[in-house]
Amino acid sequence: MLNNQVSKQTTKRDARSARPVPFPWRNWIGVIPFFIFVFLFILLPSITLLTGAFRDNAGKLTLSNFVGLLDPSIINAYWVTIKISLASAVGGGVLGFLMAYAVTIGKLPTSVRNTLMTFSGVASNFAGVPLAFAFIATLGRTGLVTVLLKNILGLNLYDQGFSLYSFWGLTLTYMYFQFPLMVLVITSALDGLKNEWSEAAENLGAGKSLYWRKVALPILMPSILGSMILLFGNAFGAYATAYSLTGGFINLITIVIGSQIKGDVLYNPGLGYALAVGMIIVMAAMMAIYYSLRRRSERWLRL
Amino acid sequence: MDFLSLTNLSKTFGAATAVEDFNLDVEKGEFVSLLGPSGCGKTTTLRMIAGFELPSTGKITVDGEDITNQPPNQRNVGMVFQSYALFPNLTIGQNIGFGLEVRKMPKPDIQKRTLEMLELVHLEKHINKYPYQLSGGQQQRIALARALAISPRVLLLDEPLSALDAKIRVELRLEIRRIQQTMAITTIYVTHDQEEALSLSDRVVVMSQGHIEQIGAPTDIYNDPSTEFVAQFVGQLNMIPVTEVDLRKGTCILAGQRVKFEPSPNQIISSEPRLAIRPEELHLGTGEGRNALQGRVESVQFLGSVVRLRVHVDSAIFSADLFNERRITLPRAGDEVVISFPEQSCWLI
């Protein structure tokens with residue numbers, strides 16, 4: 001009798017749980033603008049780029065745009081862009097890591113940490129014409145710092161071979177927004193390093209350097225590499241800063257795309273689209289690596 | 001012969017004193033627990049032995065060697081942390097072998113020792129797994145194996161069971177004691193859990209506000225607490241105000257009734273004397289030669305093996321623990337009862 005009752009109750013409960021659950025529309029309302037944005041400004045342009053890359057100026061299907069990517073000047077543009085992106089990612093990455101280290105494990109006062117984080121939040125988004133102007137005003141031929149160094153220390157940067165409008169000048173300018181981005185991304189990973197790991201290593205006889213080599217750096221490596229890839233992608237896609245600063249003097253892939261699409265002498269939108277597809281592939285590969293490394297790191301830090 | 005000695009140890013953080021004039025001698029192979037509430041200085045003391053905190057004053061010696069100012073990585077003292085502190089990027093085998101690798105032991109020897117340690121904690125099958133693939137209890141066993149792999153002179157355990165659930169805690173507690181006795185390793189165990197301290201230790205150090213309240217065997221700590229703090233902190237205790245105390249005869253008035261306690265003519269009576277009785281010393285009903293008090297049951301709390309009664313005797317409230325036996329009829333709230341206790345089971349505070 002009792003068994004029957006239990007079985008009836010169980011069946012009732014099963015029937016209730018088997019009832020189809022209505023789709024939770026209300027939960028999704030908040031993200032609808034995001035999906036609209038993604039569709040309008042990421043998916044649609046990507047489709048336009050992709051289809052445009054396979055058409056010539058007359059609208060006919062062609063592979064000539066991709067053949068055009070093998071042109072030495074274009075290969076050189078990709079190469080220069082990759083070099084600048086790498087240099088600014090490594091430079092900004094190392095500098096950002098050291099600064100994040102100082103305010104987390106280095107235990108600098110909280111006020112310093114708060115100031116650095118606020119600055120990083122602003123500076124990581126400070127790019128384009130204002131950044132180029134700021135650097136011209138400080139490190140240009142007649143910039144404030146250039147003149148001060150010349151007048152006070154007698155050091156003429158430009159006589160020493162430095163130029164703001166060169167590869168290293170542009171790298172330095174990029175680093176202004178690269179290192180803050182590194183600070184923002186890596187600080188949480190450094191916060192995730194448990195003090196007990198360092199103490200456990202010491203307790204087992206290891207010095208600080210061995211702890212960093214065997215424990216801390218391997219734990220942080222996915223985050224560091226992931227952050228560096230993010231910085232690489234950040235520099236790889238930069239256009240306005242480079243264009244404002246060098247006016248196309250440095251052969252970056254983004255500037256080449258701009259000149260192919262905006263069109264004066266070099267007008268060939270098909271080639272521009274193919275160049276952009278190449279960039280999307282590089283960026284997508286970078287993001288895929290970033291997410292996979294990040295996931296690995298988070299799995300460790302979950303403990 | 002004392003193996004580990006802490007002499008006049010003190011530690012201050014700014015204006016706050018964490019540990020004050022701490023003196024303890026531990027014999028080789030002895031298991032000593034530091035027991036006390038949060039903030040009493042037990043973990044700070046342990047960290048000073050490990051070398052993670054430098055004492056403000058005092059000396060620490062191990063086997064006659066002064067290690068007070070030695071860096072942690074030169075002390076050869078093993079430590080097990082509350083949060084396990086296993087290296088998440090290394091496998092279980094690599095975690096256990098870490099300290100041996102630091103000591104530049106040959107690889108075959110590291111492998112042999114690692115396997116020995118895994119056998120000791122019964123986790124041989126998990127050598128190639130990562131810490132996140134193990135349960136909390138398993139991780140803590142690995143942490144213990146890692147600390148023991150380096151053959152430390154002293155083993156330190158900082159609340160190693162507090163992050164685990166009750167059943168695992170009891171199992172692992174027995175495991176820790178078995179391993180400690182097998183290896184005959186001098187052990188300092190920090191806990192705020194009195195049951196853990198009493199069941200594991202050869203001696204217990206009860207601490208409060210940075211200083212030692214009492215050092216003794218678990219039975220001494222429980223049965224003969226030397227201070228009011230120890231009496232209250234370790235186990236449950238009824239402390240009932242009394243009047244008309246006669247130390248020579250060993251009598252006083254409790255809740256309007258005369259009761260007897262063991263005479264202690266040399267004891268100094270406080271301004272507000274109280275009689276201390278453990279709840280398990282109180283029985284229901286009268287008995288020959290026992291103090292008996294008439295009261296009314298306020299509540300009955302069933303705790304499994306024990307049933308806890310709250311009994312009103314005049315204005316005093318007694319807590320009485322009875323063993324739960326299948327055939328006994330338990331009183332109910334509101335029942336009139338007689339509670340009794342022998343004079344040897346109570347003492348004056």
Side-chain angles (χ1 to χ4, degrees), chain A residues 97 100-101 104-111 185-228 289-303, chain B residues 43 46-47 49-53 70-91 94-105 130-136 139 142-160 163:
Chain A
F97 180 85
Y101 177 94
T104 52
I105 296 165
K107 293 190 171 63
L108 285 183
T110 316
S111 56
V185 177
I186 207 71
T187 298
S188 60
L190 283 167
D191 279 335
L193 274 184
K194 288 184 184 170
N195 200 31
E196 286 94 334
W197 291 333
S198 147
E199 289 183 346
E202 264 193 286
N203 181 251
L204 293 167
K208 287 278 178 207
S209 65
L210 192 69
Y211 160 69
W212 272 94
R213 217 172 60 238
K214 291 261 180 189
V215 182
L217 273 180
I219 291 173
L220 287 175
M221 199 46 80
S223 298
I224 293 173
L225 288 177
S227 308
M228 293 280 200
I289 296 168
Y290 170 72
Y291 279 117
S292 108
L293 292 174
R294 186 82 207 164
R295 218 173 38 240
R296 215 174 132 200
S297 157
E298 277 166 359
R299 186 188 66 186
W300 284 342
L301 295 176
R302 230 184 3 235
L303 296 167
Chain B
T43 295
L46 196 81
R47 289 175 63 80
I49 302 171
F52 299 132
E53 302 288 352
Q70 246 180 22
N73 58 352
Q74 288 170 23
R75 294 190 176 203
N76 198 26
V77 164
M79 183 149 170
V80 177
F81 296 82
Q82 187 179 350
S83 60
Y84 329 132
L86 294 177
F87 306 132
N89 58 315
L90 303 182
T91 62
Q94 289 167 332
N95 261 284
I96 295 173
F98 186 89
L100 307 173
E101 218 178 306
V102 172
R103 284 161 177 74
K104 302 198 188 313
M105 195 186 257
Y130 282 91
Y132 77 91
Q133 292 171 303
L134 302 186
S135 68
Q139 287 190 54
I142 297 299
L144 181 63
R146 183 179 68 176
L148 290 170
I150 56 168
S151 305
R153 295 187 288 183
V154 178
L155 177 66
L156 308 173
L157 299 113
D158 185 10
E159 308 215 26

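Convention: sequence-line order gives letters A, B, ...; per-chain numbering from 1. Every value quoted in this text rests on a predicted model; they were computed, and no experiment measured them.
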Is the shortest side-chain heavy-atom distance between B:P88 and A:W197 below 4.5 Å?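 Yes; the side chains approach each other to less than 4.5 Å.
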Between B:Q82 and A:E196, is any pair of side-chain heavy atoms under 4.5 Å apart?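 Answer no - side chains too far apart.
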Proximal component of A:A216, with respect to chain B [non-hydrogen, under 4.5 Å]: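 Neither part.
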Do B:R75 side-chain atoms and A:G205 backbone N/O form a donor-acceptor pair below 3.5 Å?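 Judged by distance alone, no pair lies under 3.5 Å.
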Is a side-chain N or O of A:N203 found less than 3.5 angstrom from the main chain of B:V77, in a donor-acceptor match?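 The answer is yes, because a donor-acceptor pair under 3.5 Å joins these two groups.
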[atom1]-[atom2] distance between [X] and [Y], expressed to the nearest 0.5 angstrom:
{"X": "B:D158", "Y": "A:E199", "atom1": "CG", "atom2": "CD", "value": "9.5 Å"}
{"X": "B:E101", "Y": "A:L204", "atom1": "CD", "atom2": "CG", "value": "11.5 Å"}
{"X": "B:F52", "Y": "A:S198", "atom1": "CZ", "atom2": "OG", "value": "7.5 Å"}

Quick one: what part of B:R47 sits under 4.5 Å from any heavy atom of chain A, side chain, backbone, both or neither?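 Contact with chain A is through the side chain of B:R47 alone.
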For [X] against [Y], the heavy-atom pair lying closest together:
{"X": "A:A200", "Y": "B:A85", "answer": "CB-O, 3.9 Å"}
{"X": "A:A206", "Y": "B:F98", "answer": "CB-CE2, 3.8 Å"}
{"X": "A:K214", "Y": "B:N89", "answer": "O-ND2, 3.1 Å"}

